[in-house]
Chemist: 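Here's a structure for you.
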Amino acid sequence: MSEQDVSQAAWIVTLSDHEATEDFARKLAEELKPGDLVTLSGGLGAGKTTFARALVRALTSEPELEVPSPTFTLMQVYDGPLCPIVHADFYRLSGGYELVELGWEEVTENAVSLVEWPERAEGALNPDHLDIRLDFGPGGQGRIAMLTGTGTFASRLQRIKAFRNLVESCGWSNAVRLPMPSDASVIRSYERLIKMTGETALLMISPPRPAGPPVRRGKPYTTIAKLAETVHAFVAMDKGLRALGLSAPYIYGEDLDTGLLLIEDLGVDPVTDESGPIPERYAEATRLLVKLHTTELPQVLPVTEGIEHAIPRYDLEALLIEVELLADWYVPHIIGTQLSGSARAEFLNLWTEALGEILAGPTTWTLRDYHSPNLIWMSQREGLQRVGLIDFQDAVLGPPAYDVASLLQDARVTVPADLELKLIGLYARERKSADPAFDVSTFARAYAIMAAQRATKILGIFARLDRRDRKPHYLRHLPRVETYLTRNLAHPALAKLKVWYESYLPRLIPLEDETPPSA
């Protein structure tokens, strides 16, 4: 459920005693961020002071901090490691108009704000907030906290509730949470959970993808490009890969509606080092693709009881809208203007022709992002299980050559041309050994075409990450991907497309007496 679909959400929590109230406040503090507003109400002795003091101490990371009541000062401001914390009591407020005199908006703009007696502000507070009402439990035993999220906080409260239920049911409720660096996704994030024993797990936060604006025949880009719209795809592919004996993460627990998964932590040992690809690890990752591509694989996978995931086909519409990213984002980034209508039409016609033989060929599970950031080396395991797999939720039924190209023309680390050729040879020999009908020359053509398609797409994606998503660090990878694309366009299967790139993006195709751009 998206934020715009919900105006209000509620959660009732039973707090058995004083310690439980403080513990809940500390856990809630983990969910708050700059700009958040929490309103607190309840009768005398219901636990407001206990809750407020524990929340402020948690937010400031000072467990012994003195937190006096702000009844007479109206508000008290504390310094926190991430942002200021504003603790206010509006009991003596005459009305919402007095907030202007307090400079409320300026003080709280980038702070976490906790307000007692919020009703005295007469509706002048931000409607997007979390309200907590504390009351006595049945028979006066313990306390009951009623949490209500309004506006944009409604969906956040649902995720907070789902997370707490998930970690408690899986035995991870007291684990320390550490955010992990974000990837290129704008909706998915991860946290590493660490128990006191040192045991770790990963929290995958992947809420349902909001529908984007329609770009073609009423469909958004994500639907056309066959990108996963819910976490169901990850769960299904994870189960499918594990059923083959491969090292996808074990799923400890899940909340499919909110898109939360608690999964096995495969570790942090990469398949690369400071010098680039580690050849033996890349070789094993190549052999893993041989196993996939020589196995009869289902096209529909179970998610949970009564729910299945049909793996979408990597069709012409998806492949073309991906290469269009070059025209939409990379071309303006490089030459400062859009392509003419005729140049764009020629571009799409040439790609349609080149992709024709690919679409007529065999298909397999195409994991789609099979490259170094998503491969983890697990030396404690044996054989193909040493290759840990993550980030496969966008898998499609596509050409075998695509994932081989994704691995051997890694967008984030330079794969030397000699290593690329060596591993293509390894793949071809093992495919031929498993299937004597495997045709090496046909695969080589498919590899060049799909590698060029992927490089074209990635140039557009990296330019988009800079311009739209404010992630300029991806631009440093452009020269490498440009070099890969130049290499691919040299194949005879792409002769017509090479002429197009030479005409409209001549900087990509060096003259014969020039040295190609360094990777």
Chemist: For side-chain contact (heavy atoms from CB on, under 4.5 Å), just list the numbers for Tyr78 and Val67, CA-CA rounded to whole Å, side-chain angles, deciding distance to a tenth of an Å, and then say yes or no.
Modeler: CA-CA 9 Å; Tyr78 302 88; Val67 184; 3.6 Å; yes
Chemist: Please determine if Lys219 and Glu317 form a salt bridge, counting it only when a charged side-chain N lies under 4.0 Å from a carboxylate O.
Modeler: yes
Chemist: Step through the shown structure and confirm whether more than 12 heavy atoms of other residues, nucleotides or ligands are within 6.0 Å of CG on Asp273.
Modeler: yes
Chemist: Could you grab the distance from atom CG of Asn126 to atom OG1 of Thr150, nearest 0.5 Å is fine?
Modeler: 8.0 Å
Chemist: With Glu31 as reference, evaluate Arg177, Arg159, Arg156, Arg26 under the salt bridge (Lys or Arg N to Asp or Glu O under 4.0 Å) test and give the passing residue.
Modeler: Arg177
Chemist: Between the side chains of Arg192 and Thr200, does any donor sit under 3.5 Å from an acceptor?
Modeler: no
Chemist: Under the criterion side-chain contact (heavy atoms from CB on, under 4.5 Å), I'd like the reasoning laid out for Val112 against Val86: C-alpha separation, chi angles, the key distance, then a yes or no.
Modeler: CA-CA 6 Å; Val112 172; Val86 179; over 6 Å; no
Chemist: Quick one: which residue pairs count as a salt bridge (charged side-chain N to carboxylate O under 4.0 Å, His left out) with a foot in residues 322-332, not counting sequence neighbours?
Modeler: Arg216-Glu324, Glu322-Arg368, Glu322-Lys457, Glu324-Arg344, Asp328-Arg344
Chemist: What pairs of donor and acceptor atoms, side-chain ones from residues 94-105 against any protein atom, are under 3.5 angstrom apart with sequence neighbours left out?
Modeler:
{"from": "Ser94", "atom 1": "OG", "to": "Glu98", "atom 2": "OE2", "distance (Å)": "2.9"}
{"from": "Glu98", "atom 1": "OE2", "to": "Ser94", "atom 2": "N", "distance (Å)": "3.3"}

Chemist: For a quick check under 3.5 Å, do Tyr91 and Arg120 share a side-chain donor-acceptor pair by atom type?
Modeler: no
Chemist: State, without any angle test, whether Thr71 and Asp89 hold a side-chain donor-acceptor pair at a distance under 3.5 Å.
Modeler: yes
Chemist: Distance alone, cut at 3.5 Å: any donor-acceptor contact between the side chains of Ser406 and Arg454?
Modeler: yes
Chemist: Does a donor on one side chain sit under 3.5 Å from an acceptor on the other, for Thr223 and Glu229?
Modeler: yes
Chemist: Between Asp135 and Arg133 (salt bridge meaning N to carboxylate O under 4.0 Å), is one present in this structure?
Modeler: yes
Chemist: Suppose we screen for salt bridge (Lys or Arg N to Asp or Glu O under 4.0 Å). Which residues come up paired with Arg467, at least two apart in sequence or across chains?
Modeler: none
